[in-house]
Amino acid sequence: MATHTDLANLIWEIANLLRGPYRPPQYERVMLPLVVLRRFDCVLADTKEAVVAEAKRREGSKIQGDALDSKLNQVAGHRFHNRAPYDFKKLLGDPDHINQHLQTYINGFSANVRKIFEYFEFTAEIERMHEAGILFLIVKEIAGVDLHPNKVKNEQMGLLFENLIRRFNELANETAGDHFTPREVITLMVDLLFNDDDDLFVKEGAVRTILDPACGTGGMLAEAQAYMRRHNSPAKLYVYGQDYNKRAFATAASDMLMKQVDHNGHGENIQFGDTFTDDKFEGLKFDYFIANPPFGVDWKKQQKEIVAEHDRGKSGRFHAGLPRVNDGSLLFLQHMISKFEDVDPADNKHGSRAAIVFSGSPLFTGGAGGGESNIRKWIIEKDMLEAIIALPEQMFYNTGIGTYIWIVTNRKAKDRKGKVQLVDARDTWIPMRRSQGDKRRKIGEGPALEGDDRPDEPDQIADIVRRYGQFAQGEQSKIFDNNDFGYTRVTVERPLRLRYQMTVEDKARFLDAAPHLLDDIQAIDKELGREPQFDWNSVSAAIDRLLKKRGSKWKAADQKLFRGVFTAKDITAKEVRKGKGFEPDPDLRDFESIPLKVDIDAFFALEVLPHVPDAWMDRSKDKVGYEINFNRHFYKFTPPRPLAIIDAELKQAEHEILQLLREVTE
């Protein structure tokens with residue numbers, strides 16, 4: 001039996017026949033829909049004649065539309081059918097009109113499949129290939145690829161899609177990570193997600209639902225189902241997904257249509273639409289969530305709608321906060337949390353769990369009071385952040401940056417309540433046999449499964465899950481209280497100190513802006529003189545008395561202009577008084593981020609006042625923030641090498657350089 005890699009290589013050879021009319025980055029437009037079409041063709045082959053006969057028998061009857069689709073689906077034995085008098089073999093019988101027949105064949109599918117091909121936008125590609133004279137050749141070659149379920153199981157078909165999509169995205173140099181996640185990362189996420197649901201694997205009739213709001217081609221949902229099958233679970237897992245990439249959505253929808261993945265059996269579990277502005281599952285709750293939203297996804301185009309929903313308060317999905325407009329990752333997490341099942345407080349049952357992949361940015365970007373920090377604050381103070389697992393770098397196809405899996409839930413186990421676990425798996429990897437884009441490393445998946453052509457590997461996924469499951473302090477696992485990640489951002493002020501002096505140049509500059517104050521300025525000049533004075537409080541009081549005596553009343557703008565022209569900051573001057581205290585100097589303003597567990601007054605007395613005795617705290621400006629600094633918590637100090645060794649190495653290098661120079665000059 002051919003492996004998924006063998007099949008992918010075969011299809012890849014067929015794709016190369018497109019070269020000329022198509023550039024390699026455009027192969028995906030043709031090959032993905034054709035592979036999907038061939039899979040449908042093979043799946044329906046056993047009952048095709050019966051469906052065509054039944055459709056002909058019902059011509060002209062009152063049963064049409066959805067009702068007819070339902071009847072013919074029953075005959076087909078699937079949730080879809082094709083009533084056209086063609087299959088791939090028959091399409092080859094009339095090469096001159098194959099474009100028309102292929103379109104007729106696609107139009108013969110039930111409405112759910114026709115909808116998928118609309119999103120593939122395949123009609124335009126059919127005509128393009130026909131005009132280029134390559135349509136018959138491509139269809140003929142694809143017809144020779146046997147994708148019958150007896151030969152290619154659903155799981156292997158999923159691996160085939162994964163292989164092809166990765167290759168197509170590498171050709172196109174697109175952000176493959178937007179809708180494609182490495183298989184071992186998905187496997188790890190699914191293992192972590194289901195780790196504590198014992199009922200799911202032992203209770204007869206258990207039913208669970210899972211949603212991926214950025215499902216791409218459906219790889220995560222497919223792996224979740226495969227996990228259930230591998231564990232022989234008696235439960236049912238119904239999967240749902242949404243995506244805004246047309247071809248990715250069409251691939252996922254076609255794959256899931258061949259499986260029983262939703263409650264109603266209508267195959268409407270995969271929806272097309274923008275998750276931020278067009279929630280296709282509004283009002284629904286789910287048991288599990290899994291997602292790899294695009295890193296740094298920009299939401300500027302959706303800003304108006306998202307801000308409006310945020311402003312609705314708790315009735316909106318994004319009430320906790322809005323991240324920067326150039327990274328909407330935390331919007332996806334808020335969307336998922338809005339669909340969490342409620343928890344039964346009596347037994348801590350029900351509730352939901354989510355696993356989501358982020359870059360490092362959502363861990364720490366944004367200061368106290370900012371959108372990202374407020375979202376972290378909300379999640380942690382609601383005791384929903386269970387664990388974060390740091391993955392190795394160079395794990396994804398489109399980026400080599402570090403990535404993290406967040407486990408978020410509203411039903412933590414008793415021993416995890418009020419706690420957050422950080423797991424460091426950054427050194428848990430094996431090298432790739434061949435780099436794939438930016439992906440040079442992978443997490444070992446253990447022994448190869450049936451139908452998988454990869455070699456046996458160390459079971460590093462199990463190692464990471466074990467570290468997580470043991471929930472113990474160690475070198476690669478650390479347990480924190482929720483408020484360990486919180487801090488108060490305190491504003492530290494220092495007094496403004498001003499030196500006053502009137503000079504000829506400054507006097508002329510002031511009068512250029514305020515000539516109507518000439519007489520008053522002359523009087524002040526005579527009264528205070530030209531020598532510098534280091535107590536603005538006394539100077540200001542003297543000016544006020546003089547102006548009152550003269551009967552002059554200055555506007556606030558004139559007073560501001562006078563101080564701006566005739567004073568300068570001077571650390572030797574007296575503090576400028578304001579009310580019962582001092583006026584702060586904005587240029588000397590500083591901020592201290594003080595951990596929530598630390599007494600703020602004690603910290604200020606110990607860490608600030610010894611260095612700046614004239615400082616004070618403006619507690620009216622306090623802001624509470626949360627950040628998770630992984631490197632700080634797992635930092636390992638490496639002592640520097642002895643100076644003697646470094647010196648010896650430098651002398652050796654110097655000697656070698658001199659030797660080389662002698663060889664050049666001799």
Next item on the list: Please assess Phe281 against Leu211 for the test side-chain contact (heavy atoms from CB on, under 4.5 Å), listing each intermediate value before the final yes or no.
Entry: CA-CA 9 Å; Phe281 303 106; Leu211 170 69; 3.7 Å; yes
Check: Under the side-chain contact (heavy atoms from CB on, under 4.5 Å) criterion, do Ile405 and Ile356 qualify, and how do the steps go?
Finding: CA-CA 6 Å; Ile405 298 173; Ile356 186 168; over 6 Å; no
Note to self: Set out, in order, the CA-CA distance, both residues' side-chain angles and the distance that settles side-chain contact (heavy atoms from CB on, under 4.5 Å) for Leu596 and Asp484, then state yes or no.
What the structure shows: CA-CA 7 Å; Leu596 293 181; Asp484 282 331; over 6 Å; no
Next item on the list: Would you please test Arg183 and Glu445 for salt bridge (charged side-chain N to carboxylate O under 4.0 Å, His left out) and show each step?
Entry: CA-CA 9 Å; Arg183 178 179 57 187; Glu445 300 179 67; 3.4 Å; yes
Margin query: Before you tell me yes or no, could you show the steps for Leu391 and Arg426 under side-chain contact (heavy atoms from CB on, under 4.5 Å), namely the whole-Å CA-CA distance, both residues' side-chain angles and the distance that decides it to 0.1 Å?
Written below: CA-CA 5 Å; Leu391 300 179; Arg426 289 175 292 185; over 6 Å; no
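Tyr22 and Glu125 share a side-chain donor-acceptor pair at under 3.5 Å. Using a 3.5 Å distance cut-off with no hydrogens or angles, the side chains of Thr399 and Asp438 do not pair a donor with an acceptor. Between the side chains of Gln302 and Asp274, at least one donor-acceptor pair of N or O atoms lies under 3.5 Å. Glu627 and Ser373 share no donor-acceptor pair across their side chains, judged by distance under 3.5 Å alone. Side-chain N/O atoms of Ser110 and Arg79 include no donor and acceptor closer than 3.5 Å.
The two residues Gly216 and Ala252 make their nearest non-hydrogen contact at O-CB, 3.4 Å. What you find for Thr428 and Pro392 is that their closest heavy atoms are O-CG, 3.4 Å. In plain terms, the two heavy atoms of Gly296 and Ser329 that are nearest each other are N-OG, 4.2 Å. In terms of heavy-atom proximity, Ile290 sits nearest to Met336 at N-CE, 4.0 Å. In this structure, Glu184 and Met395 approach most closely via the heavy-atom pair OE2-CE, 3.4 Å. For the pair Gln103 and Ile126, the tightest heavy-atom approach, listed with the atom from each and the gap, is OE1-CD1, 3.6 Å.
Residues in residues 205-225 take part in no ring-ring contact (aromatic ring centres under 6.0 Å, His included) pair, two or more places apart or across chains.
Using a 4.0 Å cut-off between charged nitrogen and carboxylate oxygen, Lys339 and Asp279 count as a salt-bridge pair. Lys417 and Asp383 are not joined by a salt bridge, as no carboxylate oxygen comes within less than 4.0 angstrom of a charged side-chain nitrogen. With salt bridges taken as basic N to acidic carboxylate O contacts below 4.0 Å, one links Glu372 and Arg324. Contact check on Lys300 versus Asp298 returns no salt bridge, with no Lys/Arg side-chain nitrogen under 4.0 Å from an Asp/Glu carboxylate oxygen. Salt bridge Lys280/Asp278: present, at least one basic N to carboxylate O contact under 4.0 Å.
When the shell of 6.0 Å around NZ of Lys478 is examined, it contains more than 12 heavy atoms from other residues, nucleotides or ligands. For NZ of Lys246, the number of neighbouring non-hydrogen atoms (other residues, nucleotides, ligands) closer than 6.0 Å is 12 at most. The environment of Tyr244 atom OH is sparse: at most 12 non-hydrogen atoms of other residues, nucleotides or ligands sit within 6.0 angstrom.
For Phe117, the ring-ring contact (aromatic ring centres under 6.0 Å, His included) partners are Phe120, not counting sequence neighbours. Legend: residues meeting ring-ring contact (aromatic ring centres under 6.0 Å, His included) with Phe276, ordered by chain and number and at least two apart, are Phe332. The side chain to side chain contact (heavy atoms under 4.5 Å, CB included) search around Gln394 returns Arg440, Arg441, not counting sequence neighbours. Applying the side chain to side chain contact (heavy atoms under 4.5 Å, CB included) criterion to Ala320, with sequence neighbours excluded, gives Gln334, Ile375, Trp378. Applying the side chain to side chain contact (heavy atoms under 4.5 Å, CB included) rule to Ala308 yields no partners; only residues at least two apart in sequence or on another chain are considered.
Remark: the backbone N or O of Tyr288 is not paired with any side-chain donor or acceptor of Arg353 at under 3.5 angstrom. Without hydrogens or angle criteria, Asn629 side chain to Arg632 main chain gives a donor-acceptor distance under 3.5 Å.
For Tyr119 and Phe272, the ring centers sit closer than 6.0 Å to each other. Aromatic ring centres of Phe396 and Phe295: separated by under 6.0 Å. In this structure, the ring of Tyr626 has its center no less than 6.0 angstrom from the ring center of Phe485.
Between Asn195 atom CG and Ile407 atom CD1 the span is 9.0 Å, to the nearest 0.5 Å. Atom CG of Asp212 is separated from atom CE of Met189 by 8.0 Å, given to the nearest 0.5 angstrom. Atom NE2 in His81 sits 8.5 Å away from atom CG in Asn112 (nearest 0.5 Å). The CZ atom of Phe340 sits 6.0 Å away from the OG1 atom of Thr409 when rounded to the nearest 0.5 Å. Here Ser361 contributes atom OG and Leu330 contributes atom CG; the two are 8.0 Å apart, rounded to the nearest 0.5 Å. Taken from CD1 in Ile479 to CZ in Phe471, the straight-line distance is 4.0 Å, to the nearest 0.5 Å.
Ring orientation note: the planes of Tyr404 and Phe630 are tilted relative to one another, at an angle of 30° to 60°. Using a 30° and 60° split on the angle between ring planes, Trp12 and Tyr27 fall in the perpendicular class, above 60°. Taking the six-membered ring where tryptophan is involved, the planes of Phe480 and His633 are tilted, since the angle between them lies from 30° to 60°.
Between Thr365 and Asp327 there is no side-chain heavy-atom pair separated by less than 4.5 Å. Proximity of Thr217 to Asp255: side-chain heavy atoms (C-beta onward) are nowhere separated by under 4.5 Å. When side chains are defined from C-beta on, Phe358 counts as touching Pro293, because their heavy atoms get closer than 4.5 Å. Here the side chains of Met256 and Gln225 are in contact, with some heavy-atom distance below 4.5 Å. In this structure the side chain of Ile270 never reaches within 4.5 angstrom of the side chain of Tyr240, judged on heavy atoms. Using a 4.5 Å heavy-atom threshold, the side chains of His350 and Asp342 count as separate.
Cation-pi geometry between Arg416 and Tyr468 is met: the NZ or CZ atom falls under 6.0 Å from the ring centre, inside 45° of the normal. A cation-pi arrangement is absent between Arg114 and Phe80, since the terminal nitrogen or guanidinium carbon is not both under 6.0 Å from the aromatic centre and inside a 45° cone about the axis.
A side-chain contact (heavy atoms from CB on, under 4.5 Å) with Phe122 is found for one member of Leu34, Val36, Ile116 and no other, namely Leu34. Each of Glu305, Glu309, Glu282 was scored for a salt bridge (charged side-chain N to carboxylate O under 4.0 Å, His left out) with Arg317, with one residue passing: Glu309.
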